[in-house]
Amino acid sequence: MADLPSDRDVLMDILAFHLEAGVDVALGEEPVDRFAESAAEVRTAGAAPGRPRPAAAAAASSALPPPPAPPPSAMPAPAGRGMPARPPAAPAETGAPPPPDIAALDARAAAASAANLDSLRVLLEGFDGCPLKATATRLVFADGNPQARIMFVGEAPGREEDIEGKPFVGRSGKLLDRMMAAIGLDRGSAYIANVVPWRPPGNRTPTPQETAICLPFIRRQIELVNPDVLVCLGGPSAQTLLGITDGITKARGRWLDYQTGRRSIAALATFHPAYLLRTPLGKRMVWRDFLAIRRRLEETRNGRM
Ligand code: URA
């Protein structure tokens, strides 16, 4: 008869399963039984008709799909206009973030109220509308020079970025540094950020809802940095900011206009450095893109930096 697995083997299997599923950070010292919490909420909600049900309880007892995500629009709304006059949504009793459509409205109002990058960072630090904040270690706002003429925008921070609090510091960041150096740029002459400033657990792709909630903040960040050239690193960044619907292989290397609401910025999508680490053949095309970026920076030089 085969030996039964030891407790240790079982625990190691469970841990391995969690890691593969992307659960690679501990959020607290003590485990919390969320299933027991949801069951208790369902019982409470059932006993008090008319009270709004907490999201977890609603999800546990309803087969309805969640409300559709507000589509990220390619054009940023002009700051301060069309903004509903409502205070930021208070977190629900459960501590859960507000529903995505309310959170996206709150994000627009908050982002529009930021007069400069420092206040945008402070507003983001205090913004509880994106569920990713709860699982990330910290906000990853930006790195580089806010006066730079060029801004790179990636998708979302990864593990190293989450630990350090700076974008592109892991393996793909090192490659981005080398790519920038090849055209005479570094973090003193470029500004770097992400569409989503909190790490999605296990480096999964941010959901459309999470992206839509974070979108007003990155739009405002671009507007405040006001670069001459905007580079979207990878398909998700290009789709979100430039409204590109083609795949990145087709869309890369083409100059587009990014509208801040005040001015048009020359924008280009290229491959994400993480893709290049997996597919080194793509480096030839990225080299062409970076040469085009260098040319554009030379052409648009206007005395800044
Ligand atoms: N990938 C991204 O898109 N952003 C980072 O900051 C790191 C990796």
Side-chain angles (χ1 to χ4, degrees), residues 22 24-25 72 117 120-121 124-125 130-133 135-146 148 150-181 185-215 217-222 225 227 229-244 247-249 251-252 258 267-280 282-283 285-286 289-290 293:
D24 59 359
V25 280
L117 288 168
L120 187 68
R121 179 197 280 262
L124 256 174
E125 296 273 11
C130 179
L132 292 176
K133 184 182 178 185
T135 50
T137 310
R138 56 178 54 80
L139 174 76
V140 177
F141 184 66
D143 195 19
N145 186 346
I150 181 160
M151 177 166 177
F152 292 90
V153 183
E155 181 183 9
R159 189 168 174 276
E160 282 82 2
E161 290 78 19
D162 181 63
I163 292 167
E164 274 198 41
K166 283 187 189 169
F168 285 98
V169 290
R171 272 185 77 219
S172 54
K174 303 275 177 290
L175 178 55
L176 177 62
D177 285 343
R178 290 202 297 278
M179 285 151 58
M180 290 196 301
L185 295 172
D186 59 20
R187 291 181 189 230
S189 53
Y191 186 84
I192 305 172
N194 283 302
V195 171
V196 170
W198 290 284
R199 180 202 182 200
N203 294 351
R204 66 161 169 75
T205 302
T207 65
Q209 281 97 338
E210 290 158 355
T211 302
I213 291 166
C214 296
L215 187 55
F217 291 107
I218 183 64
R219 287 202 189 286
R220 184 72 181 131
Q221 208 169 350
I222 295 169
V225 174
V229 172
L230 174 69
V231 181
C232 291
L233 296 169
S237 167
Q239 281 149 15
T240 307
L241 295 175
L242 306 178
I244 281 168
I248 185 70
T249 308
R252 57 143 282 281
Y258 175 86
L268 186 110
T270 191
F271 288 136
H272 193 287
Y275 170 81
L276 296 178
L277 288 172
R278 297 191 301 272
T279 322
K283 286 185 186 168
M285 280 171 268
V286 171
D289 297 342
F290 270 59
I293 290 167

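Remember, it's 1-based here, ligands and their atoms both numbered in the order they're listed.
Taking every heavy atom of Gly154 and a limit of under 4.0 angstrom, the matching atoms of ligand 1 come to 3 (O). Distances below 4.0 Å separate heavy atoms of Pro167 from the following atoms of ligand 1: 6 (O). Near His272, the atoms of ligand 1 lying under 4.0 angstrom from a non-hydrogen atom of the residue are 1 (N), 2 (C), 3 (O).
With sequence neighbours left out, Arg204 forms a side-chain contact (heavy atoms from CB on, under 4.5 Å) with Leu132, Pro200, Pro201, Thr207, Glu210.
In terms of polar-atom proximity, defined here as any N/O pair under 3.5 Å, Phe168 does make such a contact with ligand 1.
If you check which protein heavy atom lies closest to atom 8 (C) of ligand 1, you get Ser172 OG, 3.7 Å. Counting only heavy atoms of the protein, atom 2 (C) of ligand 1 lies nearest to Ala156 O, 3.0 Å. For atom 4 (N) of ligand 1, the nearest protein heavy atom (residue, atom name, distance) is Asn194 OD1, 2.8 Å.
Although no hydrogens or angles enter the test, the distance criterion places a donor-acceptor pair under 3.5 Å between the side chain of Arg138 and the main chain of Asp162. Between the side chain of Glu160 and the backbone N or O of Arg171 there is no donor-acceptor pair closer than 3.5 Å.
At a threshold of 4.5 Å between non-hydrogen side-chain atoms, the residues Met180 and Ile150 do not count as touching. A heavy-atom distance below 4.5 Å is not found between the side chains of Arg199 and Val140.
Within the 4.0 Å heavy-atom criterion, the part of Glu161 lying near ligand 1 is the side chain and not the backbone.
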Worked verdict on Phe141 versus Glu125 for side-chain contact (heavy atoms from CB on, under 4.5 Å): CA-CA 9 Å; Phe141 184 66; Glu125 296 273 11; over 6 Å; no

